[in-house]
There are 2 protein chains.
Amino acid sequence: MIARQIETALSRAQVICKRRGARLTPVRRRVLELILSSDQPTGAYALLGELQRGRGKLGPPTVYRALEFLLAHKLIHKVETSSAFIACADIEHPHESQFMICDDCGATEELRDEEIVESLRRLGERRGFAVERQVVEARGLCPACRSAQR
Amino acid sequence: MIARQIETALSRAQVICKRRGARLTPVRRRVLELILSSDQPTGAYALLGELQRGRGKLGPPTVYRALEFLLAHKLIHKVETSSAFIACADIEHPHESQFMICDDCGATEELRDEEIVESLRRLGERRGFAVERQVVEARGLCPACRSAQR
DNA sequence: AATTTGGTGTTACGCTATAACATGCCACGT
DNA sequence: ACGTGGCATGTTATAGCGTAACACCAAATT
Ligand SMILES: [Zn+2]
Ligand SMILES: [Zn+2]
Ligand SMILES: [Zn+2]
Ligand SMILES: [Zn+2]
């Protein structure tokens with residue numbers, strides 16, 4: 001993402017937080033900025049490394065707490081199979097989403113398919129299960145790597 | 001699972017491996033047995049601990065290599081959001097499956113819904129993505145914990 | 001017999017995540 | 001202004017998950 005878009009996204013996040021009485025503090029804002037800057041999912045320790053470039057030595061809890069906040073407010077998603085974090089593509093409308101992850105280059109795309117969301121929710125309901133969170137990730141090869149393979 | 005069923009499952013696994021020219025060695029068989037014995041997903045280090053009770057000190061690679069084999073042959077599944085391993089409920093028919101995991105008690109159920117499998121595969125295809133592996137996990141509250149909460 | 005292959009043992013290390021406690025900051029009621 | 005309670009952050013230590021690299025051995029292949 002380019003600088004211009006990042007600023008816009010940060011402003012929007014700021015507004016959303018204010019509306020909810022939540023505080024997008026400098027640390028949290030900076031972590032979100034770092035995640036927005038990368039087009040691929042970023043690991044917690046990579047974020048920590050970047051954070052430290054500005055503020056000297058910091059411990060993992062600092063970044064994990066910021067991540068916890070950003071996750072709670074759905075400003076970012078966690079990609080479970082990569083143990084990494086990615087900016088949400090539509091923070092105005094909290095949602096469940098799905099991810100396509102390339103095993104070759106790591107490219108990760110956020111998708112939204114209501115059919116899958118509903119199927120999974122219904123599947124749980126039928127069993128008396130109250131689904132709170134969905135993790136749906138498809139791993140494989142992206143179009144680019146797919147054609148490069150041959 | 002009770003001892004009787006475990007033996008049956010192990011025998012079936014043995015047959016399947018032989019058919020494929022794969023070797024279900026003592027270590028691998030033992031790890032599978034441990035996973036079958038637990039009705040909840042088991043972590044690699046818990047398995048390692050059990051393994052050591054019989055064979056003295058062993059390192060993590062021993063158990064991770066066994067897990068790698070069992071996963072490759074679809075005798076077990078990995079529950080990504082728990083970093084734990086669970087026996088497959090139908091090893092005769094390799095498949096993609098989904099999991100319902102209780103955040104409260106850890107109870108984990110393997111489901112099979114072809115609709116979700118197909119939706120996700122098609123979703124990938126539409127984007128030129130070749131889906132090799134699906135991770136579909138729903139976290140929430142199981143029926144028991146749900147009623148216990150009130 | 002020599003070579004190859006696959007499985008295991010061993011050591012060491014890296015990455016991911018959290019517990020526990022200390023410190024600092026700010027809003028609020030007095 | 002003062003104290004206080006709540007929240008965010010800093011700090012240290014440790015737990016949990018996973019793999020690289022190399023050594024060894026036994027069975028299969030030549
Ligand atoms: Zn999103
Ligand atoms: Zn790719
Ligand atoms: Zn299964
Ligand atoms: Zn439960």
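First the proteins, then the strands, lettered A, B, ... as listed; each starts at 1. Atoms considered below: every heavy atom in the structure, side chains included; atoms not considered: hydrogens, waters and symmetry mates. Remember, it's a predicted structure, so these values are computed and weren't measured experimentally.
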Visitor: What integer distance in Å separates B:L58:CG from C:dT10:P?
Guide: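 Going from B:L58 (CG) to C:dT10 (P), I get 7 Å.
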Visitor: Establish, with yes or no, whether the OP1 or OP2 oxygen of C:dT16 is under 4.0 angstrom from a side-chain nitrogen or oxygen of A:S83.
Guide: no
Visitor: Nearest-Å distance, OH (A:Y64) to C1' (D:dC17)?
Guide: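 So the OH-C1' distance, A:Y64 to D:dC17, works out to 11 Å.
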Visitor: Please give the remaining members of the hydrophobic cluster of A:V136, linking ILVMFWY side chains under 4.5 Å, ordered by chain and number.
Guide: A:M100, A:L111, A:I116, A:L120, A:L123, A:F129, A:V131, B:M100, B:L111, B:I116, B:L120, B:L123, B:F129, B:V131, B:V136
Visitor: How many angstroms lie between atom CD1 of A:I91 and atom NZ of A:K74, to the nearest 0.5 angstrom?
Guide: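 Answer for the CD1-NZ pair, A:I91 versus A:K74, is 13.5 Å.
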Visitor: Can you tabulate the close N/O pairs, meaning under 3.5 Å, that link protein atoms to atoms of nucleotides 19-25 of chain C?
Guide:
none

Visitor: Determine: side-chain N/O of B:K57 to OP1/OP2 of C:dT8, distance under 4.0 Å, yes or no.
Guide: no
Visitor: What pairs with A:E137 under side-chain hydrogen bond (donor to acceptor under 3.5 Å, both in side chains), at least two apart in sequence or on another chain?
Guide: A:T81
Visitor: Counting only side-chain nitrogens and oxygens, does A:K78 get under 4.0 Å of the OP1 or OP2 atom of C:dT16?
Guide: no
Visitor: May I ask you to say whether A:E125 pairs ionically with A:R122, meaning some side-chain N is under 4.0 Å from a carboxylate O?
Guide: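 Salt bridge flag = no for A:R122 with A:E125.
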Visitor: Over how many whole Å does the gap from A:E80 atom CD to D:dG18 atom C1' extend?
Guide: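 Result: 16 Å.
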Visitor: Would you please name every residue forming a side-chain hydrogen bond (donor to acceptor under 3.5 Å, both in side chains) with A:T8, sequence neighbours left out?
Guide: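 Result, side-chain hydrogen bond (donor to acceptor under 3.5 Å, both in side chains) vs A:T8: A:R4.
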Visitor: Between residues 18-52 of chain B and DNA chain C, which residues have a heavy-atom gap below 4.0 Å?
Guide: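 The answer is B:R23, B:T25, B:V27, B:R28.
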Visitor: About how many Å separate OG of A:S37 and CD1 of A:I2, when rounded to the nearest 0.5 Å?
Guide: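 The distance works out to 11.5 Å.
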Visitor: I'd like to check the ring-ring contact (aromatic ring centres under 6.0 Å, His included) partners of A:F69; sequence neighbours left out, ordered by chain and number.
Guide: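 In terms of ring-ring contact (aromatic ring centres under 6.0 Å, His included), with neighbours along the sequence ignored, A:F69 is linked to A:H73.
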Visitor: Step by step, would you call A:D103 with B:R133 a salt bridge (charged side-chain N to carboxylate O under 4.0 Å, His left out)?
Guide: CA-CA 10 Å; A:D103 285 323; B:R133 177 177 165 233; over 6 Å; no
Visitor: In terms of relative ring orientation, are B:Y45 and B:Y64 parallel, tilted or perpendicular, with 30° and 60° separating the classes?
Guide: perpendicular
Visitor: State which of D:dA13, D:dG10, C:dT16 makes the closest approach to the side chain of A:R55.
Guide: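 Shortest atom-to-atom distance from the side chain points to D:dG10.
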Visitor: Nearest-Å distance, CZ (B:F69) to P (C:dG7)?
Guide: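 It works out to 7 Å between those atoms.
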